[in-house]
Every structure is written in C-alpha cells, then in structure tokens.
Amino acid sequence: MYVYGPVPSRRLGRSLGVSPIPSKTCSYSCVYCQLGRTTSLEAVRKSCFPKENILKEILQKVLSSEADFITFVGDGEPTLNADLGWLIRQTKKETRLPIAVITNGSLLFKKDVRDDLLSADVVLPTLDAGDQETFKRINRPHKNIDFDIMLQGQIDFRKEFSGKIWLEVMLVKGLNDSIEQLKRIKVAVDKIDPDRIYISVPIRPPAEKWAEIPAPESILEAQEILQGSTSLNMLESGEFGIEEFSDTKQAILEIGSRHPLRKSQAYEIEKRLSETGIVDSMISDGELFEMEYNNETYLMPSHLKHHKNR
Ligand code: SF4
C-alpha cells in the first residue's frame, strides 16, 4: 500500500500521504526520526516500485476520501525515488488537490531533484543546523552529503521554484538549541528565504532515546531568533482516514508503521470500526509494543522494534 490516510497534519490539515520509498530508506538517519534508525542510507536515486501502480492507488484514494493535500512523504526520503517528478506531474494532471512534498532537502543540490519538485504547490524541507558539525550530529547524513552542498541546493531551489517553501527546523536539546547554534541556523535560513518557518521538537518517540525536547525557554529563544516562525510543539489532533480498512488490526498495523499512534488514537480507531478488545489483544499477543514518551503511551508494530534504540 503506497497511499495512506488522510492523516491529521499540523501543517497540512487532512493530508493524504503517499510513500514512494521502501521503509526507512533515507539519505539521513536523524536522531529524532519517529520511524527509527535508517536501515538503508542512500544518496542515489532509483525507481523503487512500478510508478503506474502508485499513481493508480493515488487516484483511487482521492476519489474515496476528503483531503486538503496530497503529500509525498514516504517512510524515508521521497526524493530518492527517481519517479517522483513523473508522479507529481501525473497526479497534478488528474486531480484538483494541491500537492505537497515533505523532504529533508538533502538532494536538492541535484538538478533532476529540483526539476522534479517544480510542479508541487508546497515543498516542506528541513534545516536543523547552521554548520557541518551540528549537521552531522543531528541528521547523520550519507557520507556524500555535506552541509554546504545541502544548503546550496536549498538556496538554488528557492530561486527556481515559484510555489511555497515551508521550512522546518527541528530542535533537539543540547544538539542545536544553543543561542550560538540558533544564530548560525538563522544565517542559513535567511539565505534560503522560505515563505514560512516552523519550529518543531521531537514530540513523538525518537530514534534515539537521548534525543530530547529542549527547555521551553530555548524554544522561545529560537522563536525570537528565527523571526516570524511558528512553533509546532503540540500534538496533532483530528481523525485518521480509515475508510479503506475493514478491521482494526489492519488499520492499526498500516497506520502505525508510518505514523506513531498514541494509545488513545488506536482505541478511537477501534471504536470507529465498531470493534472491541482488538488493541488490547494485539498488545498481549506481541503484535504491538508500547512505548512511553513525553507523558503519552504510543503503540508501534513489533517489526519496528529493532529500529528504536530503547
Ligand atoms: S526524520 Fe526524515 S530525514 Fe530524518 S531520518 Fe527520518 S525520514 Fe530521514
């Protein structure tokens, strides 16, 4: 299944997610990644799946669900799929929904990647560092990607792209939240000149248990330094699209493998599918494991357990 949701998104409303990339294939292995550690660290693009099958599934899902955006996001970095440009252009031709791409921005130094994203309406790249050392510590990139190359790619893309760029800066305690580091991030952000800046913190269970949410005063300092930014330090609200699922088990395993589910959200899905006791028996049978994080209990499919450093 390549398309999932709609899922509630803090930036995109009801977002119909498209994952054109095999699970946890990425050019980074961020310490805060909610999908766990990267198992396939790549910097070369390739066709991952039959592109016609992905398109067919997108068009079917658009007809059967109400969404605000079609979002190419992936279980990793979506620009690693060499068919991404074709998929965006075809989706654009055949639907009327705006298209967003959530990317780490690391491959924008490649002209073909920049060209592929030109047909999107909104591109949401990430920039968590203002220098090579911090970049390596927080994003743990592929060895062929260094900070200056990555930043220049984002700057070049801004010049070529007429849509909106909504940049996300993820803050991790002790890694990139000092005033000195925030000022360096500000210098880099100004060079990109995005339309919006979002400041995030790891509100969901991260790949590394030591990747923590910064102190509230550090988040406020970041907002002051990154002028005009919006803080996203709250959990998303709203319902997950479950129309295509016939039972709770299928819905929770599918959604939970891409989007960490709070236990309360899993019970809500069970209720909407008019079932009882399924979530609890999945936990006791070992199909789901529980994880405490930031005063919330999350449920994750057991096959993801080895991705998490817990
Ligand atoms: S947070 Fe995004 S860029 Fe970082 S490792 Fe996870 S999928 Fe890759």
Side-chain angles (χ1 to χ4, degrees), residues 2 4 7 9-12 15 17-46 48 71-81 84 100-110 113 117 123-129 134-147 149-151 153-154 157 165-173 175-176 185 188 192 198-213 232-233 236 255-260 291 293 298 300 304 306-310:
Y2 306 107
Y4 59 97
V7 295
S9 160
R10 293 168 296 166
R11 292 172 291 176
L12 298 164
S15 164
V18 182
S19 177
I21 201 85
S23 178
K24 213 59 227 291
T25 299
C26 193
S27 48
Y28 289 174
S29 185
C30 304
V31 298
Y32 56 76
C33 186
Q34 63 183 29
L35 301 170
R37 288 177 181 168
T38 295
T39 48
S40 188
L41 190 65
E42 308 273 350
V44 175
R45 312 182 78 198
K46 54 182 178 228
C48 304
T71 307
F72 288 88
V73 48
D75 300 339
E77 172 49 35
T79 62
L80 281 168
N81 187 326
L84 184 63
V101 181
I102 298 180
T103 169
N104 61 25
S106 65
L107 302 177
L108 287 169
F109 68 89
K110 298 176 189 241
V113 173
L117 300 189
V123 173
L124 300 97
T126 303
L127 184 86
D128 303 325
T134 310
F135 177 55
K136 282 180 78 173
R137 284 173 69 205
I138 191 166
N139 299 119
R140 302 188 296 195
H142 185 280
K143 63 178 172 27
N144 292 351
I145 301 169
D146 81 7
F147 176 75
I149 289 177
M150 176 278 295
L151 179 60
Q154 297 213 31
F157 181 64
I165 295 182
W166 297 352
L167 186 80
E168 177 173 351
V169 179
M170 176 71 84
L171 297 180
V172 180
K173 188 176 179 179
L175 283 192
N176 64 348
I185 292 173
I192 299 170
Y198 288 105
I199 296 175
S200 279
V201 294
I203 52 166
R204 302 199 191 94
E208 308 300 342
K209 64 182 173 212
W210 46 263
E212 293 178 9
I213 296 175
L232 288 179
N233 58 358
E236 78 288 336
I255 297 171
S257 67
R258 289 173 165 150
H259 194 293
M291 196 185 277
Y293 183 71
Y298 287 82
M300 305 195 74
L304 293 177
H306 66 285
H307 288 192
K308 296 272 182 192
N309 178 26
R310 304 190 158 257

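We count ligands from 1, going down the list as the structure has it; atoms in each ligand are counted the same way.
The distance from atom 6 (Fe) of ligand 1 to the nearest N/O/S atom of Cys30 is not under 2.8 Å.
Across every non-hydrogen atom of Val31 and Leu175, the tightest pair is CG2-CD1, 3.7 Å. Summarising the geometry of Asp128 relative to Thr126, their closest heavy-atom pair is OD1-CG2, 3.2 Å, with the distance given to 0.1 Å. Residues Asn104 and Cys26 come closest through the heavy atom pair ND2-SG, 3.6 Å. Closest of all the heavy-atom pairs between Tyr28 and Asn139 is CB-O, 3.3 Å. For the pair Leu171 and Pro202, the tightest heavy-atom approach, listed with the atom from each and the gap, is O-CD, 3.2 Å.
The protein heavy-atom contact nearest to atom 6 (Fe) of ligand 1 is Cys33 SG, 2.3 Å. Looking only at heavy atoms of the protein, atom 8 (Fe) of ligand 1 is closest to Cys26 SG, 2.3 Å.
Inside a 4.0 Å radius of atom 2 (Fe) of ligand 1 there is not any protein heavy atom.
For the residue pair Ser200/Glu168, the side-chain donor-acceptor check at 3.5 Å is satisfied.
Contact annotation: Met170 has no heavy atom less than 4.0 Å from any atom of ligand 1.
Which parts of ligand 1 touch Tyr32 is read off a 4.0 Å heavy-atom cut-off, strictly below it: atoms 1 (S).
Under 4.0 angstrom from ligand 1, the non-hydrogen atoms of Lys24 all belong to its side chain.
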